[in-house]
Number of protein chains: 2
Amino acid sequence: MTVGMRHDDLRRRNRAMVIAATRRGGQASRTEIAAITGLSHSTISAISSDLIAEGILTETRQEAPALKRGRPQIGLALDPQAACAVTLMLSLNSLSAVSLDYAGNLLEEEHRRLDTRALPRGELICECMDILRRRLEHPAHAGRHVLRIVLAVQGITDAEARSMLWSPITPHTDIPFADLLEARFSIPVTVENDCNMMAEALRWRDPERYRDDFIAILLSHGIGMGLVLKGSMFTGTHSSGVEFGHMVHRPDGALCRCGRRGCIEAYAGSYAIWRNAAGHDENEEPRGDIEETEMQALAQAARDHDGPERRAFRIAGEALGFGLGSLFALIDPAPVAMVGLNAAAFDLIGPALHEAIARTAGGHHSGSITFDTQPDQVALLREGCAMRALTFIDHRIFAAGRAAQDEPASLHSSLIA
Amino acid sequence: MTVGMRHDDLRRRNRAMVIAATRRGGQASRTEIAAITGLSHSTISAISSDLIAEGILTETRQEAPALKRGRPQIGLALDPQAACAVTLMLSLNSLSAVSLDYAGNLLEEEHRRLDTRALPRGELICECMDILRRRLEHPAHAGRHVLRIVLAVQGITDAEARSMLWSPITPHTDIPFADLLEARFSIPVTVENDCNMMAEALRWRDPERYRDDFIAILLSHGIGMGLVLKGSMFTGTHSSGVEFGHMVHRPDGALCRCGRRGCIEAYAGSYAIWRNAAGHDENEEPRGDIEETEMQALAQAARDHDGPERRAFRIAGEALGFGLGSLFALIDPAPVAMVGLNAAAFDLIGPALHEAIARTAGGHHSGSITFDTQPDQVALLREGCAMRALTFIDHRIFAAGRAAQDEPASLHSSLIA
DNA sequence: CACACTTTTTTCGAGGCTCGAAAAAAGTCT
DNA sequence: AGACTTTTTTCGAGCCTCGAAAAAAGTGTG
């Protein structure tokens, strides 16, 4: 904010812009990049020849036989050899890791099943260390430098994306994964919230629909949210924030997994739907885990006949609707993507949800609220993590030029505005 | 985001930074500005001599007899003669206007009482036009150019700050004040939400406490909010947003002024407190206006003895507490300033508010939540509008240099990032 | 097959901006 | 009066972007 801009900042920004245009556009020519960025052809030419010389970009000859007259455009693409990234995804009873090249191609991967809730703190950390070490030692990297690691966790992280503060998958709290992994491997690490990564993925999948303002809601055992506002990921002042599932739906209402009462999740999470469908008291302790098939059976029962199952999904829809209504009172409506297991039951949840929104301040503009379901949560998470890792390399490492790469001080350097 | 940075953008940014440092610091020397901005002495020297030549800054000799050795610092200050700004404030039954010089000194002002709820649309607009015309013709301006007009309204504005979309003070909606006033006076205008201006003022009053993240809550006939997150004013995707008062406290609960049910305002606005204190049904139509003295009497009664008045304030506190709890679930805690008439009754509201927050996700970090009361809402609004208008001139007009001032196209030009 | 035409990309000199170093300025201290 | 200290200005160097012109690499046509 109050920091002045020097000459090399300008170059850094413009380099970043060329890299970003290449990652977005895929095969963009220099002329196209000049048009997108508004910079002159000479500038783009200079920057891209630098980037090619540094091994960050490569020229690609388009297959399409240029049907136009004139000198054919030369496509620019990210050089897959330029770097690698590794993403780790830690969720309930599951840890997986993926290696990617700089162009985003999968190099290799590994999944492990582990009992995250029972694992001691040290062993949980060790599992992450080990799976990461196996990636770094894997021959598929073929000497390329891993320049970035992203760890996505189901749970709350701190605003600096360095620690996992709290998670439903383990009793342990405040695990400084970024510090631990950086100390061991000397590669920059961030710890991200899984829902934020899903939102990130939506942006890359469908930039038309999910661009400046949108909402991703994870409907699963718990309720999560990733929120993009004015083009950037929304986070809390101290944590990854946006604990939509723990907004209050009914003061002093149903018992939530978090121990408090009346949270949206206590009506709309899998455990809450199950609890209501089974006719249990809403003050009953939530079940720890529910099989995917069990939820699908509930949904099928709800579709087949009117009864407690149908009512349970309706209650979930109502809670989500009132919650969204309150959210929309704050941020106005935006496109919503429903992600995760229970998004497949949106036919059961949707009607009550719409009805509830209509009774809130959000109902004002119920026309401009659109819903979309993306049941494949895992694929979305993987994509989001991958793009997060790669764009970090784009912005913070390659945009700075070769010099900055050598100084280890740049490990935590701040992002270009 | 995708737009490249050219050479003059750099100068513009650095000019803006020097002006901002001067407005903040008051009497800052060139050396101090260099230290703040991180730019070299030579650059600051060049920029400030430009700004002085353009009549934007002036050198001020400090009164303090420099107790240090060495060449004394020369203070830089904004030249009051450089420009003028006019602010209009439209609220229930009241319209006021203020003229300011570029340094923020009051030149002259006017207040009018009018029956905003009964006024036809045309006349309401006319009143604003007229009070503004009288300012522009007033001799106090002494030939200085009015470069900016800010109109703050009690109500919702659009995200571009050009129209008043809805307001409790008039039945008329979607009044494009900015277009109307610009067409008539050819001076750039924005229409702002009053609570946002109060938040803006807090920032200037106490930058230590209210800097990057904080909340201003207006406790008055209705409930309003101004929210600053990560250093910038938070607005909705389509409107000025942050309709905190219309988040849902109890689904299908008490009747709100907005016609819906269960809004926070329907428990915590003056009319709701009055309704509860008087023992009326919560579905009863809200009273239109309540005298300040009447609310003070209620508060006094609540302090004197336990009874329906005390209970009414407690209910208000509970609604605000659950609402804040939900808000904190999204954005994490931040310092809160309670503004307006009922902030003076915070002794009655506070206990129930804290208790409610403790029962929500916000209760997690109840240690880091601090409250502060600022009963003088009018003064805060005036300050906020003034600073909004002046900083617009700083950034969008003077930072661009003399050339840009002449092109009328710059009227709506976008803000420097 | 040579030559005109079109479009993309590179080259080159000009102009702006910031920087560091040195000089100038404007005081205090002895 | 002269030494000393600190602030501010001056000046040349080094980048960066820009526009114009040149070069490159195709297609279309006789």
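Atoms considered below: every heavy atom in the structure, side chains included; atoms not considered: hydrogens, waters and symmetry mates. Every chain is numbered from 1, with letters handed out A, B, ... down the list of sequences. The structure presented is a predicted model; accordingly, all values stated were derived computationally and were not measured.
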Checklist entry - Could you state the CZ-C1' distance from R30(A) to dT7(C), rounded to the nearest angstrom? => result 14 Å

Next on the checklist: With a cut-off of less than 4.0 Å, is there a side-chain N or O of N14(A) near OP1 or OP2 of dC16(D)?
Outcome noted: no

Next on the checklist: Strictly by salt bridge (Lys or Arg N to Asp or Glu O under 4.0 Å), give each pair with a member in residues 72-87 of chain A just once, sequence neighbours left out.
Outcome noted: none

Item to check | Atom-pair distance (CD on Q73(A); C1' on dT6(C)), nearest Å | outcome: 13 Å

Item to check | Atom pair distance, as rounded to whole Å: CG in L76(A) and C1' in dT8(C) | outcome: 12 Å

Checklist entry - Tell me: CZ of R15(A) to C1' of dT17(D), nearest whole Å? => result 16 Å

Checklist entry - For R388(B), which residues count as a salt bridge (charged side-chain N to carboxylate O under 4.0 Å, His left out) partner, sequence neighbours excluded? => result E192(B), E200(B)

Checklist entry - Is there a donor N/O on one and an acceptor N/O on the other, under 3.5 Å, for the side chain of R11(B) and the base of dC17(C)? => result no

Item to check | Partner set under side chain to side chain contact (heavy atoms under 4.5 Å, CB included) for S42(B), not counting sequence neighbours | outcome: S40(B)

Sort me out a list of protein N/O and nucleotides 18-22 of chain D N/O pairs below 3.5 Å, or just none if empty.
residue : atom : partner : partner atom : Å
dC18(D) : OP2  : S40(A)  : N            : 2.9
dC18(D) : OP2  : S40(A)  : OG           : 2.8
dC18(D) : OP2  : T43(A)  : OG1          : 2.6
dG19(D) : N7   : S42(A)  : OG           : 3.2
dG19(D) : O6   : S42(A)  : OG           : 2.9

Checklist entry - Between I33(A) (CD1) and dT8(C) (P), how many Å, whole number? => result 13 Å

Item to check | Closest to the S29(B) side chain, choosing from dT8(D), dT10(C), dG28(D) | outcome: dT8(D)

Checklist entry - Checking S45(A) side chain against H41(A) main chain: does a donor-acceptor pair fall under 3.5 Å? => result no

Checklist outcome for this item: Rounded to whole Å, CD of E59(B) lies from P of dT8(D) at a distance of 9 Å

Checklist entry - Quick one: I74(B) CD1 to dA26(C) P, roughly how many Å, whole number? => result 8 Å

Checklist entry - Which whole-number value in Å describes the distance from L10(A) CG to dG14(D) C1'? => result 14 Å

Item to check | Check: dT7(C) base within 3.5 Å donor-acceptor of R71(A) side chain | outcome: no

Next on the checklist: My understanding is that only residues two or more places apart in sequence, or in another chain, count here; which of them pass side chain to side chain donor-acceptor pair (under 3.5 Å) with R211(A)?
Outcome noted: none

Checklist outcome for this item: Hits for ring pair (Phe, Tyr, Trp, His ring centres under 6.0 Å) against H145(A), two or more places apart or cross-chain, chain-then-number order -> none

Next on the checklist: Could you walk me through whether T60(A) and Q27(A) satisfy the side chain to side chain donor-acceptor pair (under 3.5 Å) test, starting with their C-alpha distance in whole Å, then the side-chain angles of each, then the deciding distance to 0.1 Å, before giving a yes or no?
Outcome noted: CA-CA 7 Å; T60(A) 63; Q27(A) 305 270 100; 2.8 Å; yes

